[in-house]
Amino acid sequence: MAAFPLTRLRRLRQTNELRSLVRETKLSIDQFIYPLFISETVKKSTPISAMPGIFQWPLSSVTQEAERIYKLGIPAVLLFGIPKVKNAEGKQAYAKTGIIQKAIRLIKKKVPELLIITDVCLCEYTDHGHCGVIDKKGYVKNDESLPLLARMALSHVEAGADMVAPSDMMDGRVGAIRKLLDTNGYTNIPIMAYSAKYASGFYGPFREAAQSTPQSGDRKSYQMDPANVQEALREVEQDIREGADIIMVKPALAYLDVIRQVKEKYNVPLAAYNVSGEFSMVKAAAQNGWIDEERIAMEILTGIKRAGADIIISYFAPQVAEWLRK
Ligand code: PBG
């Protein structure tokens, strides 16, 4: 027996092989989802300035990008659409000829094995930029928004989406979507619910990418207060009851305790969204030479997994695929 337990703990840390043998958390590319921004207003892939390496894609080249993602071993993409025309009801969100509906058909034709998950939310499609329809005072009308969100989800599935991901945070939207999908014969399509979605400053760069900043007010009346975790558990419980198949916590990095508590309390597949601000911070510091990008990104993503996430949605996914291959 060694004199100090510390000696025993360190014995297995001496080589790469030993460390790998006893490693508790391993990242695997087949549990990553990569977000894709598809825009009706650009003619060629257009860089998003606050998110180095991330682009808005026109329909004409998005399938090429989808193919690259699939070849890297990333199993799924999460689609966001930027329409040319926005209006109060976000009509392009559920139009058969909407940007996402077209993109799904194109991608499915070119790369049928790639899982297509779609963001279901009105904010990119409404002229006021809120996630549902609003009243005269600018307050989001919950129940009036539900049928529109359900129609949006159904139109994605009719175009060929494999899964839908409501991110609007209206009460009852998982149930409304489930019901409409089921009555149309799509009982096999899973729902990944953004259950615990916080009103977060970490979405800043995304709003540039998706052109979805609210024209007035903010999202605090429907997204969660960053100070709350009990409330997150109630949101999760409600979504599970309404039929969610996968639960999501978003953002990830500042909410690792929420991920952990959800995982411990509910035994359901859990996704975490490593959001735009989390990505941009690492990129900016790395570009300044202040940190080692690969090391920090992998440490953060490992932390998210260690906290309890089964699935990670991340803008780093293509880089992770390459880092894991080394
Ligand atoms: C809403 C939506 C947002 C994100 C995903 N879906 C923005 C918001 O709620 O303001 C943020 C994702 C990110 O920051 O990477 N459609």
Side-chain angles (χ1 to χ4, degrees), residues 32-39 48-56 77-83 86 90 92-94 98-100 117-134 140 145 148-149 152-153 156 163-170 173 177 191-226 235 246 248-255 271-284 297 300-301 304 309 311-318:
F32 274 83
I33 298 173
Y34 185 57
L36 274 183
F37 299 102
I38 307 162
S39 172
I48 297 158
S49 61
M51 300 175 74
I54 308 293
F55 297 83
Q56 290 181 343
V77 287
L78 177 59
L79 305 188
F80 293 94
I82 301 125
K86 304 192 184 208
Q92 282 303 307
Y94 34 91
I99 175 79
I100 287 300
I117 310 172
T118 57
D119 186 73
V120 175
C121 185
L122 296 182
C123 69
E124 294 116 50
Y125 301 88
T126 51
D127 50 13
H128 45 75
H130 279 289
C131 301
V133 286
I134 56 174
V140 174
S145 303
L148 304 183
L149 293 161
M152 181 178 183
H156 292 169
M163 191 185 309
V164 290
S167 72
D168 52 281
M169 285 300 274
M170 297 304 121
R173 87 279 202 216
I177 292 171
I191 299 175
M192 175 165 73
Y194 289 67
S195 302
K197 179 173 176 184
Y198 288 87
S200 169
F202 282 99
Y203 308 146
F206 173 94
R207 291 187 185 167
E208 176 204 332
Q211 290 158 12
S212 65
T213 308
Q215 296 304 303
S216 65
D218 53 38
R219 303 206 204 290
K220 288 182 184 155
S221 71
Y222 43 101
Q223 297 184 351
M224 286 185 47
D225 182 341
E235 286 280 4
I246 299 174
M248 194 199 303
V249 172
K250 173 185 170 190
L253 188 53
Y255 299 86
Y273 200 141
N274 172 226
V275 300
S276 57
E278 299 171 37
F279 173 80
S280 299
M281 288 195 306
V282 174
K283 286 280 173 191
I300 289 172
L301 295 167
I304 294 169
I311 303 162
I312 302 178
I313 303 163
S314 178
Y315 304 98
F316 282 116

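Numbering of ligands and ligand atoms starts at 1, following listing order. In what follows, residues are counted from 1 in the order of the sequence shown.
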Original post:
Taking 4.0 angstrom as the limit, do R173 and D168 come out as a salt bridge?
Top reply: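 Judged by the 4.0 Å cut-off on N to carboxylate O distance, R173 and D168 do form a salt bridge.
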
Original post:
Closest heavy-atom contact between F80 and P35?
Top reply: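 Reported closest heavy-atom pair: CE1-CB, 3.9 Å.
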
Original post:
Which heavy atom in L122 sits nearest to a heavy atom in A93, and how many Å separate them?
Top reply: CD2-CB, 3.8 Å

May I ask you to list the atoms of ligand 1 that are less than 4.0 angstrom from any heavy atom of [X]?
X: D119; result: 6 (N), 16 (N)
X: C121; result: 1 (C), 16 (N)
X: Y273; result: 12 (C), 15 (O)
X: K250; result: 2 (C), 3 (C), 4 (C), 5 (C), 6 (N), 11 (C), 12 (C)
X: Y315; result: 12 (C), 13 (C), 15 (O)
X: E124; result: 16 (N)
X: C123; result: 1 (C), 16 (N)

Original post:
Should E208 and S49 be marked as a side chain to side chain donor-acceptor pair (under 3.5 Å) after you check the CA-CA gap, both sets of side-chain angles, and the distance that decides it?
Top reply: CA-CA 9 Å; E208 176 204 332; S49 61; 3.1 Å; yes

Check each heavy atom of [X] against ligand 1 and say whether those closer than 4.0 Å belong to the side chain, the backbone, both or neither.
X: D168; result: neither
X: F80; result: side chain
X: S276; result: both

**OP:** Work out whether the distance between some heavy atom of E278 and some atom of ligand 1 is less than 4.0 Å.
**Re:** no

Original post:
Does M169 reach ligand 1, in the sense of a heavy atom lying below 4.0 Å from it?
Top reply: no

**OP:** Considering only non-hydrogen protein atoms, determine which one is nearest to atom 2 (C) of ligand 1 and report residue, atom name and distance to 0.1 Å.
**Re:**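 Answer for atom 2 (C) of ligand 1: K197 NZ, 3.3 Å.
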
Original post:
Which residue and non-hydrogen atom of the protein lie closest to atom 12 (C) of ligand 1, and at what distance in Å?
Top reply: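 Of the protein heavy atoms, F206 CD1, 3.3 Å lies nearest.
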
**OP:** Any chance you could measure M163, atom CE, to H156, atom NE2, to the nearest 0.5 Å?
**Re:**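 Interatomic distance, M163 CE to H156 NE2, rounded to 0.5 Å: 14.5 Å.
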
**OP:** Measure from NZ or CZ of K197 to the centre of the six-membered ring of Y203, then state whether that distance is under 6.0 Å and the direction lies within 45° of the axis.
**Re:**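 Yes.
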
Could you tell me whether [X] and [Y] have their ring centroids closer than 6.0 angstrom?
X: Y315; Y: Y34; answer: no
X: Y94; Y: Y125; answer: no
X: F316; Y: F279; answer: yes

